[in-house]
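Here the structure is a predicted model, which is why all the values come from computation and not from measurement. Proteins get letters first, then strands, A, B, ... in listed order; numbering begins at 1 in each.
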Protein chains: 2
Amino acid sequence: MSHSVYGRLMSVDRNQVLRAAAALLTRKATATMDEVARAAGIGRATLHRHFAGRDALVRALEELGLQELERALDRAGIDAGPEDAAVRRLVAEVEPVAPLLSFLVTENQLFEGEQVNEGWARLDARVSALFRRGQENGVFRIDLTPAWLTEAFYGLVGSGAWAVQDGRVAAKDFQYMIVELLLGGARRSVEK
Amino acid sequence: MSHSVYGRLMSVDRNQVLRAAAALLTRKATATMDEVARAAGIGRATLHRHFAGRDALVRALEELGLQELERALDRAGIDAGPEDAAVRRLVAEVEPVAPLLSFLVTENQLFEGEQVNEGWARLDARVSALFRRGQENGVFRIDLTPAWLTEAFYGLVGSGAWAVQDGRVAAKDFQYMIVELLLGGARRSVEK
DNA sequence: ACCGAATGAGACATCGACGTCTCATTCAAT
DNA sequence: ATTGAATGAGACGTCGATGTCTCATTCGGT
């Protein structure tokens with residue numbers, strides 16, 4: 001018997017395949033199943049053996065992304081300390097998942113309300129709660145709704161990921177650019 | 001002879017078809033040519049008579065979007081007066097085109113550098129120049145590159161459009177939410 | 001060295017969307 | 001009323017991607 005991680009025989013690392021798929025689909029969202037397979041270094045048939053179809057693959061990616069995002073939220077310690085610092089930590093932790101997040105957000109827009117993974121709601125709730133707490137503690141302005149700040153957070157992370165990908169922004173500046181704009185805005189401020 | 005606008009016989013208003021297509025594709029980027037035709041109230045055959053194929057349709061939408069964006073830039077009077085006020089006017093003028101802009105930006109990401117309309121470069125240059133001028137005049141912070149501010153501008157406009165579409169943000173708050181976040185950021189400021 | 005699971009390569013049928021074409025019909029101009 | 005352009009509906013054929021299947025091969029465990 002050669003049982004491994006989940007009690008199943010596995011020569012190809014499911015998680016590694018997902019990584020490769022994420023890396024490719026992040027750059028080319030319309031990539032073929034065949035292209036995904038090649039990118040993962042496996043045959044198309046094998047890819048199908050692990051993921052029933054393109055849908056299943058995307059769902060698995062969604063699951064992976066949500067897990068990593070939740071973990072990023074955990075590591076960032078969203079619920080403790082000054083909220084602006086928490087946002088800093090959040091962006092830092094989210095950076096590695098940024099491209100995947102961007103892909104999934106775009107992909108979700110296509111679903112047009114079919115059946116959205118409830119994980120997104122939980123994620124939104126956590127991020128939104130951070131901004132709300134910051135408002136209650138007088139750290140964030142109250143005229144921008146938590147829902148919008150959450151949305152803007154996703155948007156900026158996505159924009160940042162693409163900007164880095166296209167070389168319009170240096171990878172090392174990713175965190176700084178996003179955090180500074182999200183927290184401080186573009187206008188020159190007397191404080192700080 | 002029934003010559004009309006551009007010297008051709010036209011029963012269907014080409015521009016109106018483009019509007020309908022934009023409205024639909026904005027919501028459902030993967031819409032079929034048939035769906036687009038139905039949305040425009042015409043037959044699929046007629047749609048093909050006006051736009052050789054899906055590519056041609058998207059290109060036409062790109063052209064339309066670029067024209068409207070350029071006009072929005074013109075109307076906003078980007079080159080005059082305080083730069084922060086100019087950004088306000090810019091967002092206000094861009095709002096009607098926001099969904100289409102969002103669609104085109106996403107669509108362009110798929111092209112993966114094939115042949116991008118040079119119009120985007122011109123647009124980027126104009127917006128970027130606004131931010132740069134603002135920096136030179138001490139209105140905007142200099143630690144955020146104009147390229148990134150431009151990118152963030154697109155991103156926030158897109159996020160805003162989707163947030164409104166999904167009802168997460170009130171349509172009337174669109175401009176305010178974007179402008180305030182882009183200019184002032186989320187952090188509570190002593191000034192203002 | 002052996003055995004069986006897992007893989008890779010390819011063949012195959014299917015399906016959806018596309019692009020083209022035909023033909024009857026509508027409609028505006030004359 | 002007549003004419004011709006333009007449209008709508010539908011029939012095709014085509015193509016790319018998908019999903020399934022088979023079979024030879026590889027590879028790890030024993």
Closest to the 5' end of DNA chain C, once G53(B) and R49(B) are matched to their nearest nucleotides, is G53(B)
D13(A) CG to dC27(D) P, in whole Å, measures 18 Å
Numerically ordered, the residues 17-33 of chain B set in heavy-atom contact under 4.0 Å with DNA chain C is T32(B), M33(B)
Any donor-acceptor pair under 3.5 Å between the side chain of R38(A) and the base of dG8(C)? no
Scan R54(A) against the nucleic acid and name what it touches under 4.0 Å (heavy atoms): base, sugar-phosphate only, or nothing.
-> sugar-phosphate
Atom CG of L57(A) and atom P of dT18(D) are separated, to the nearest Å, by 10 Å
Rounded to whole Å, the NE2-P distance (H48(B) to dC18(C)) equals 7 Å
| query | When you measure from the side chain of R88(A) to the backbone N and O of Q175(A), does any donor-acceptor pair fall under 3.5 Å? | reply | no
Query raised in the report: When you check the gap from the basic side-chain N to the acidic O, do R27(B) and E35(B) get nearer than 4.0 Å?
Result: no
**OP:** Answer yes or no: is there an ion pair linking D74(B) with R126(B), defined by an N-O contact shorter than 4.0 Å?
**Re:** yes
Is R38(A) salt-bridged to D34(A), cutoff N-O under 4.0 Å? yes
Assess whether a salt bridge exists between E180(B) and R187(A), defined as any Lys/Arg side-chain N lying under 4.0 Å from an Asp/Glu carboxylate O. no
Of E35(A) and A45(A), the one whose closest nucleotide on DNA chain D sits nearer the 5' end is E35(A)
Rounded to whole Å, CZ of R14(B) lies from P of dT7(D) at a distance of 13 Å
Rounded to whole Å, CG of L47(B) lies from C1' of dG19(C) at a distance of 12 Å
Q) Quick one: does R44(A) reach the base of dG8(C) with a side-chain donor-acceptor pair under 3.5 Å? A) no
Counting only side-chain nitrogens and oxygens, does H50(B) get under 4.0 Å of the OP1 or OP2 atom of dT7(D)?
yes
Q: Using the six-membered ring wherever Trp is involved, compare the ring planes of Y154(B) and W120(B) and label them parallel, tilted or perpendicular (cut-offs 30° and 60°).
A: perpendicular
Examine distances only and state if a side-chain atom of R89(B) and a backbone atom of G77(B) form a donor-acceptor pair shorter than 3.5 Å.
yes
